[in-house]
Amino acid sequence: MAENEDGQERSEEPTEKRKRESKEKGQVPRSRDLTTMLLLLGSAALLWIFGDFMLEGFEELFNWSFKLDRITLLDEKAPYIYLQKALKQGLMILSPVAIPLFFIALVSPGLLGGWTFSGEAMTPKPEKLSPLKGIKRMFGVKSLVELLKSIAKVLVVGAVSFFVFWIYKDDFFILSTEPLRVAIVHAGSMFFWAFFYISSALGIIAAIDVPFQLWQHNKEIKMTKQEIKDEYKETEGKPEVKGRIRQLQRQMAQARMMENVPEADVVVTNPTHFSVALKYDQLKMAAPIVVAKGTDLIAARIRELAQENEIPIFEAPPLARALYHTTEINDEVPAGLFVAVAQVLAYIFQLRGKNRYEQQSMAVPTIEIPEEFEQYTKQPEDAE
């Protein structure tokens with residue numbers, strides 16, 4: 001099993017972050033055999049499609065190149081003109097094959113591992129000049145596999161070549177008896193099929209090499225358990241730092257919540273342990289919303305702000321506890337508590353515009369909580 005420089009086993013599968021970093025460093029799986037096979041098969045296919053066109057084109061080019069009259073032979077500039085025209089015509093004949101092969105050579109390496117450009121991979125590394133590490137690489141598993149692949153290539157290609165020669169052994173002798181044009185076409189057909197068979201043979205090597213390169217790359221970027229832990233700490237942050245961040249977030253949330261208390265219509269209290277500030281705008285809201293809530297010190301601060309801003313405080317312990325446990329800030333009041341909250345708001349809205357004597361004479365509504373919320377209305381000592 002692979003080990004890192006500290007001797008720890010790389011037994012863990014690489015994380016997405018590790019895979020991304022390895023790609024940024026240029027460490028991606030590559031199969032030269034796959035690229036070679038695709039280039040050769042692409043060449044065979046292009047020869048099959050454009051073979052006749054190329055043969056006719058080169059035949060015309062050869063005929064034109066050797067048809068020279070006396071005046072042309074005595075012209076000093078003629079060789080340069082003929083050479084320039086021959087090169088141009090030759091490139092035109094080869095272009096239907098050369099251009100697609102260029103794109104195949106450009107695209108095929110990216111089929112395994114994707115495209116990547118890394119300046120770090122191009123940076124010279126002194127450790128690569130170390131003779132000891134060079135010897136270690138020479139006698140490593142990867143070098144052994146490359147040696148076996150090379151031997152396999154020779155054996156496979158040699159066997160296929162012998163097979164092709166055996167198939168066409170009679171045709172080689174027939175070529176010498178055929179007219180020139182017929183012999184050229186016949187030889188071209190033999191060359192194409194021999195080329196195709198030998199190129200296809202490399203598919204066997206590529207079928208073995210591609211899984212091996214994927215396995216080898218995955219093995220090289222595997223991680224130790226300590227690396228997994230270090231990456232988690234780096235990504236998620238240290239526990240004490242995360243705790244401090246959560247504390248600051250809570251403080252900021254509480255500060256924003258306290259800013260909403262002066263806009264509330266009523267604060268429902270326990271009366272000491274719980275406080276929930278409610279707001280309701282008949283024109284803009286479908287139901288009352290909770291703009292602030294808290295227990296103990298935060299509850300006391302909500303009541304203090306309510307008194308400073310002349311916000312009514314309504315004591316309803318079961319309702320305060322039920323609202324606290326079933327809502328979050330800016331949540332609408334649960335449907336099951338609509339009636340209870342509506343009674344409170346109706347009472348508060350009736351108080352507005354009345355003098356102190358009239359307010360004292362008004363009957364305080366009795367708030368009833370539905371059975372489904374009774375579990376939230378019990379005090380800690382009742383729950384025990």
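The analysis underlying the following values was restricted to heavy atoms, covering all of them including side chains, and did not include hydrogens, waters or symmetry mates.
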Closest heavy-atom contact between [X] and [Y]?
{"X": "Asn270", "Y": "Ala320", "value": "N-CB, 4.0 Å"}
{"X": "Thr269", "Y": "Ser275", "value": "CG2-OG, 3.8 Å"}
{"X": "Ala299", "Y": "Gly294", "value": "CB-O, 3.4 Å"}
{"X": "Ile329", "Y": "Ala292", "value": "CD1-CA, 3.8 Å"}
{"X": "Gly42", "Y": "Ile104", "value": "CA-CD1, 4.1 Å"}
{"X": "Leu175", "Y": "Ala187", "value": "CD2-N, 4.0 Å"}

Does [X] have any side chain to side chain contact (heavy atoms under 4.5 Å, CB included) partners at least two apart in sequence or in another chain, and if so, which?
{"X": "Pro262", "result": "Asn309"}
{"X": "Asp170", "result": "none"}
{"X": "Glu372", "result": "Pro370"}
{"X": "Leu148", "result": "Leu144"}

Might you confirm whether atom [atom1] of [X] has over 12 heavy atoms from other residues, nucleotides or ligands at distances under 6.0 Å?
{"X": "Phe163", "atom1": "CZ", "result": "no"}
{"X": "Lys88", "atom1": "NZ", "result": "no"}
{"X": "Phe172", "atom1": "CZ", "result": "yes"}
{"X": "Phe195", "atom1": "CZ", "result": "yes"}
{"X": "Glu310", "atom1": "CD", "result": "no"}
{"X": "Leu297", "atom1": "CG", "result": "no"}

Single-linkage hydrophobic cluster, 4.5 Å side-chain cutoff, [X] and [Y] together:
{"X": "Tyr347", "Y": "Val333", "answer": "yes"}
{"X": "Ile348", "Y": "Ile289", "answer": "yes"}
{"X": "Phe53", "Y": "Leu46", "answer": "yes"}
{"X": "Val341", "Y": "Met285", "answer": "yes"}
{"X": "Met92", "Y": "Val97", "answer": "no"}

Check your understanding: Among all residues two or more places apart in sequence or in another chain, which pass the salt bridge (Lys or Arg N to Asp or Glu O under 4.0 Å) test with Lys279?
Key -> none
**Study point:** Sequence-distant partners of Glu304, salt bridge (Lys or Arg N to Asp or Glu O under 4.0 Å), two or more places apart
**Key:** Arg301
Could you measure the distance from the [atom1] atom of [X] to the [atom2] atom of [Y]? Nearest 0.5 Å is fine.
{"X": "Ile302", "Y": "Ile311", "atom1": "CD1", "atom2": "CD1", "answer": "12.5 Å"}
{"X": "Phe196", "Y": "Leu41", "atom1": "CZ", "atom2": "CG", "answer": "6.5 Å"}
{"X": "Gln216", "Y": "Ile221", "atom1": "CD", "atom2": "CD1", "answer": "11.0 Å"}
{"X": "Leu61", "Y": "Met54", "atom1": "CG", "atom2": "CE", "answer": "12.0 Å"}
{"X": "Leu202", "Y": "Leu38", "atom1": "CG", "atom2": "CG", "answer": "10.5 Å"}

Using a 4.5 Å cut-off on heavy atoms from C-beta on, say whether the side chain of [Y] contacts that of [X].
{"X": "Val291", "Y": "Glu263", "result": "no"}
{"X": "Phe191", "Y": "Leu47", "result": "yes"}
{"X": "Met37", "Y": "Leu34", "result": "yes"}
{"X": "His273", "Y": "Thr295", "result": "no"}
{"X": "His325", "Y": "Phe274", "result": "yes"}
{"X": "Val160", "Y": "Val157", "result": "no"}

Practice item. Tell me, with the steps shown, if Leu278 and Leu323 meet side-chain contact (heavy atoms from CB on, under 4.5 Å). Key: CA-CA 10 Å; Leu278 301 175; Leu323 287 171; 4.0 Å; yes
Practice item. Could you go through the side-chain contact (heavy atoms from CB on, under 4.5 Å) check for Ile369 and Leu337 one step at a time? Key: CA-CA 7 Å; Ile369 304 298; Leu337 297 176; 4.3 Å; yes
For [range], which residue pairs pass the side chain to side chain donor-acceptor pair (under 3.5 Å) check, not counting sequence neighbours?
{"range": "residues 150-164", "value": "Asp33-Lys153"}
{"range": "residues 91-107", "value": "none"}
{"range": "residues 194-209", "value": "Ser31-Asp209, Lys149-Asp209, Asp209-Gln213"}
{"range": "residues 326-339", "value": "none"}

Exercise for review: Check step by step if side-chain contact (heavy atoms from CB on, under 4.5 Å) holds for Ile93 and Glu56.
Suggested key: CA-CA 9 Å; Ile93 296 171; Glu56 293 176 1; over 6 Å; no
Review point. Tell me the salt bridge (charged side-chain N to carboxylate O under 4.0 Å, His left out) pairs involving residues 189-208, sequence neighbours left out?
Key: none
Practice item. Would you check if the side chain of Ser108 reaches a backbone N or O of Thr35 as a donor-acceptor pair within less than 3.5 Å? Key: no
Review point. Is the backbone N or O of Tyr280 less than 3.5 Å from a side-chain atom of Asp265, with the two atoms forming a donor-acceptor pair by type?
Key: yes
Practice item. Applying side chain to side chain donor-acceptor pair (under 3.5 Å), name anything that partners Glu178, two or more places apart in sequence or on another chain. Key: His186
Practice item. Classify the ring geometry between Trp48 and Phe192 as parallel (under 30°), tilted (30 to 60°) or perpendicular (over 60°). Key: tilted
